[in-house]
Chemist: 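I am attaching a structure below and will ask some questions about it afterwards.
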Amino acid sequence: MKCRKCGGAAVLELRRHNAAFCAPDFLEFFKNQVKEAIRKFRMFERDEHVLVAVSGGKDSLALWDVLIEEGYRTTGLYLDLGIFDYSVESKAKCEHFAAAHGVPLLVVSVAEEVGAPVPVIKNVTRRPPCSGCGLSKRYLMNRAALEHGIPVVATGHNLDDEAATLFGSVLHWQTDALPRQSPALPSTHAKLARRVKPLYRLSERETAAYAFLRKIDYIVEECPFAKGATSIAHKEILSRLEDVSPGAKHNFLFGFLEKARPAFERAEAVVLNECVRCGQVTTGTLCAFCKLADQVKRRT
Ligand code: Q46
Ligand code: ZN
């Protein structure tokens, strides 16, 4: 197996690109894919400050690594979900990465902000853990960006994540979720930061290879609540499809973004208000985060 660029010995084969790369040329390919994502979706300008949401996993730390390498001004944001040893270890990985690279890291605790950690929120709401967790993460990321005057939040979602989310939305024809599925969501209100996913062109296997080759120390274990989540089942199905038809995930996601997504964009804009309590954006009067915090307070 020879490297497509230099003809040297390849370390990684990318079947969907019908190519193989040696280590230096793979790292170059990886960075170019991130740069292409940023350029194509005008995610941020060279001089903009970027808040990188990091979980301690390979994807978000690989993303942070590329942005630092490319000379962007970044601040990391670690949300401490309070999920047993998983949170303790993943926080340590993020702190270690930030210290080693000399970059700032903000740490926000869900238990302090909501009133209880994710496992307790799950019991209080009697809903799947990812529901209260996801809601809290979106809210706290946006609030941290606003508080620090950072216009854009970048997350480490990769091609596999995005294809699996799309698959789930299409299976249930969640037509309100489809227009929101995009590598870059603009700010539609003065209190909403832009949200971008610069790894959407790269597969999970590719981010793992990048993290390995760059010797990034990341948490290998997944969140214990990820097991049994339907998104994992969707990922497995798509990976089986990818095995027999390389490029299937790519074509599914990219085809949607180019051909189908525009058809789902809503004609009329949603009216956004400010939450009467916390001032963050909501479609109602009291935002979902404040309602969740109330529920936690009542039942704990
Ligand atoms: S949403 Fe669910 Fe994740 Fe939160 S509870 Fe764990 S698996 S961390 S990406
Ligand atoms: Zn609120």
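Each ligand, and each atom within it, is numbered from 1 in the order the structure gives. Everything numeric in this text was worked out from a predicted model, so none of it was measured. All values below come from the heavy atoms of this structure, side chains included, with hydrogens, waters and symmetry mates left out.
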Chemist: Given SG of C275 on one side and SG of C290 on the other, what angle do they make at the Zn ion (ligand 2), to 10°?
Modeler: 110°
Chemist: Please walk me through it: do E274 and H189 pass side chain to side chain contact (heavy atoms under 4.5 Å, CB included)?
Modeler: CA-CA 10 Å; E274 289 181 19; H189 187 282; 3.4 Å; yes
Chemist: Do you know how many protein N, O or S atoms are within a distance smaller than 2.8 Å of atom 6 (Fe) of ligand 1?
Modeler: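 The number of such protein atoms is 1.
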Chemist: Distance-only check: which donor-acceptor pairs under 3.5 Å involve side-chain atoms of residues 131-141, not counting sequence neighbours?
Modeler:
residue, atom, partner, partner atom, Å
S136, OG, G132, O, 2.7

Chemist: Please report the C-alpha distance between L178 and V170 in whole Å, then the side-chain angles of each, then the deciding distance to 0.1 Å, and finally whether the side chain to side chain contact (heavy atoms under 4.5 Å, CB included) criterion is met.
Modeler: CA-CA 8 Å; L178 290 173; V170 169; 4.2 Å; yes
Chemist: Among F97, Y72, Y210, Y78, which residue meets the ring pair (Phe, Tyr, Trp, His ring centres under 6.0 Å) test with W64?
Modeler: F97
Chemist: Report the C-alpha separation of E69 and R214 in whole Å, then their side-chain angles, then the decisive distance to 0.1 Å, and conclude whether the side chain to side chain contact (heavy atoms under 4.5 Å, CB included) test is met.
Modeler: CA-CA 11 Å; E69 282 274 299; R214 292 280 300 156; 3.3 Å; yes
Chemist: Tell me if a side-chain donor or acceptor on S109 pairs with a main-chain N or O of E112 at a distance below 3.5 Å.
Modeler: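 Yes; at least one donor-acceptor contact below 3.5 Å.
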Chemist: With atoms numbered from 1 as shown, which atoms in ligand 1 lie under 4.0 angstrom from a non-hydrogen atom of K137?
Modeler: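 It comes down to these atoms of ligand 1: 1 (S), 3 (Fe), 4 (Fe), 8 (S), 9 (S).
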Chemist: In terms of relative ring orientation, are F264 and W173 parallel, tilted or perpendicular, with 30° and 60° separating the classes?
Modeler: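 The arrangement is parallel - the two ring planes meet at less than 30°.
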